[in-house]
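Notes for the one structure printed next.
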Amino acid sequence: MSSFVIEAAGLSRSFGSTRALAGVDLSVRTGESLAIMGASGSGKTTLLHCLAGITRPDAGTVGFVSGAGRVEVTGLGERERSRLRREAFGFVFQQGLLIPELTAVENVALALMLNGMPRARAEEHGRGWLAALGLAGMEDRRIGQLSGGQAQRVAIARAQVTGASVVFADEPTGALDSATSADVMRALLDSTTGQGRTLILVTHDAEVAGRCSRIVDMRDGRIVGERVSA
Amino acid sequence: MIARVAWLLARPGTAGAAASALPVTAFGIVTALLLTVIGGAQAFWTWTDDEGVLYQALAVIALVLLVVPLVSLGGAAARLSARRRDDRLATLRLLGATPAAVSALAVIESAVLAAVGAVAGVVVYLAVVPLLGLIEFRGEPLSASGVLLPWPVLVAVPFGIAALAALSAVLGLRQVVISPLGVRTRQEAPRLHWVRVVIGVGVVALAFGLMAVLRVAPTTMVILGMLAVAFGASLAVLNLIGPWVIRLVARGQASRAKTPARLLAARTVLESPKGAWRQVGGVAMTSFMAVFAGTGVAVLGVMGAEGDAESQLLVTDIRTGILITVVGSFLMVACSVGVNQAAGILDRGELYRSLDMLGMPVATMDAARRRAVMSPLRITAIGSAVTAAIVMLPLTGITLIVAPESLLVIAGVLAAGIGIVWLGLLATRPVLERAASA
Ligand SMILES: Nc1ncnc2c1ncn2[C@@H]1O[C@H](COP(=O)(O)OP(=O)(O)O)[C@@H](O)[C@H]1O
Ligand SMILES: [Mg+2]
């Protein structure tokens, strides 16, 4: 009965003479975890950015389905896509890319404050998520005082705190050693698919991809294979 | 090898053109202002009579006032070009350049950018010379030939600026070796000690005392000397206390902030109160001067009305000098804010880009950045005006400070100073927009 949350058809995107995406069709089910694999330069990041409404494809469509109905992401203007990303999506990047001046809890709370939640309540929610991700007691640390794995968990909390229905992660474990990487993946999966949400993840790492429910392989801007994990 | 890689990087590219245009422009402005200041001062040194010596003493005060913001602008330009280099180290390594080649290239690049900017600055200066020559002192225009610097100076300055840029690149490289990503991951926000405040209050009290005995000073030169000491000491104090006060206020703002922009702005200031001060410190100088100028103009008005033709001429000339110094330092402050902001944005390009992805509106990022400058600016401008008023009090008495003419000058200069910083912020918004959507 699982329905689709993201439906993309015929996506293509070029940068100058480089064809980053050359016709991609991809649908993602609610509650699944999808790994996008492929060599460097195969178009994974570009695909992720098109699905999340960060980049507009030259051709093709992306639809986002939620309780409120279906939104044509590719038809939205800059401001509306920005708002959609803020309210419905969460993001985790390779480097964490947290704001270094803010404390851990402020980084998380900021996502809620951007949606208009008062600060005190936003920080309370933020503390809750940090605790759930094993960071109790580190709320008031600055980002520079956290290890790579801890920072990445703050980023996961930030992606999740708004109740995002889809979390996009671009090589979230790319800068971590394998033990930390396994920890972070567990946290990421628990907080997304574990809560009935959807995770779309780009990775080089077969072990990381293996933890996801479905894997698609990319080459030269196309999807060339698809596997379902155990 | 180096030549080939240099060419690859120098090709007109997407972000490349903007990234090199900025340091070139900054070095150009620094050079043009530097030459203008030296050229103007040169004209004064052709006079040898007693009055001439007085003019030279006043010119030295103006030079000192202008050199401080000029040095900080030069530093900002060097930092900007160093940052551009940090961004590209990774690219270079990917292209297979050896560390030695990377270092050599970084130094060459900084020097070349500075030299190109400096040559452009010389051209701008030459274009301004006829206008400079029109400025009247002692009842006569300075004349173009009077303010035109000899050609060896015009040749030496670009070389000197290129050499300084190369030197700062060499010094900067050591840091890059230590932290290749150049990312600020400081462990703790820096602390500033309250002892600064105690020292500061003491020095202001001393300056106050000095001004109080000024009336009984024997000669004009002694008066000028004591004025310079009181002035310099008070400015030094502002430098000492400014960052501390800025941090104190920002701490309150951080805990009270209700919107993302306010929170971000306060935390940005807290991250580096000294950096915040560096950006607006030039305005402290000008608002300090505004009070001196304001009361000075009022004093001179009284003197001029009573005095003979010669002292009336002196009064006019001092007014001209004050005006030139204020305008000059404003130009440098505006450039310095622009350059610092551009450098800051380029430095955090990836972070801004990620915030855009998260759906933070560019307007919010811009508001945070503006607030992080404007809030310390307000504190600085008002704080230094008050300090200056205290130091001037024994000399002028309260009536002159609150005379309509002085208040008008003070308010006008403060408003212009704040306005010009605001313009500098506005001018760098496109840089932010480009960085966020790169
Ligand atoms: N903003 C951009 N400008 C120019 N070329 C780009 C840009 N983004 C991606 N590309 C190019 O598109 C191709 C796919 O890039 P990307 O999607 O980042 O690949 P991946 O994430 O799989 O490494 C690459 O050849 C890359 O150089
Ligand atoms: Mg990628």
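This is a predicted model, so every value here is computed, not measured. Residue numbering restarts at 1 for every chain, and letters A, B, ... go by the order of the sequence lines.
The two residues A:Arg85 and B:Asp356 make their nearest non-hydrogen contact at NH2-O, 2.8 Å.
With a 4.5 Å cut-off on non-hydrogen atoms, A:Phe93 touches chain B through its side chain but not through its backbone. Heavy-atom distances place no part of B:Ser437 under 4.5 Å from chain A, backbone and side chain included. Both the backbone and the side chain of B:Ser354 have a heavy atom closer than 4.5 Å to some heavy atom of chain A. Proximity to chain A (any heavy atom under 4.5 Å) is restricted, for B:Ala254, to the backbone atoms N, CA, C and O. For B:Arg262, no part lies under 4.5 angstrom from a heavy atom of chain A.
Around atom CZ of A:Arg56, more than 12 heavy atoms belonging to other residues, nucleotides or ligands sit under 6.0 Å away. For A:Asp220, the CG atom counts as loosely surrounded, since its 6.0 Å shell holds 12 or fewer non-hydrogen atoms of other residues, nucleotides or ligands. Around the CD atom of B:Glu350, the shell of radius 6.0 Å holds no more than 12 heavy atoms that belong to other residues, nucleotides or ligands. With a 6.0 Å radius and a threshold of 12 heavy atoms from other residues, nucleotides or ligands, A:Arg83 has its CZ atom at or below the threshold.
The shortest side-chain heavy-atom distance between B:Arg348 and A:Pro100 falls under the 4.5 Å cut-off. Side-chain contact between B:Met357 and A:Leu97 is absent, with no heavy atoms from C-beta onward closer than 4.5 Å. For the pair B:Leu358/A:Arg86, no side-chain contact is recorded, criterion being any heavy-atom separation below 4.5 Å from C-beta on. No side-chain heavy atom of A:Glu101 sits less than 4.5 Å from a side-chain heavy atom of B:Leu270. For the pair A:Ile99 and B:Arg267, the minimum side-chain heavy-atom distance is 4.5 Å or more. A heavy-atom distance below 4.5 Å is not found between the side chains of A:Arg119 and B:Thr259. Residues A:Ser82 and B:Val362 are not in side-chain contact: their nearest non-hydrogen atoms beyond the backbone lie 4.5 Å or more apart.
For chain A, the option among B:Thr364, B:Thr268, B:Leu263 with the highest count of heavy-atom pairs below 4.5 Å is B:Leu263. Contact tally against chain B (heavy-atom pairs below 4.5 Å) for A:Leu114, A:Leu98, A:Ile143: the top residue is A:Leu114. With respect to chain B, the highest number of heavy-atom pairs below 4.5 Å among A:Arg158, A:Glu106, A:Arg79, A:His49 belongs to A:Glu106.
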Stepwise side-chain contact (heavy atoms from CB on, under 4.5 Å) check, B:Glu271 with A:Arg142
CA-CA 10 Å; B:Glu271 174 76 9; A:Arg142 290 150 54 79; 2.9 Å; yes
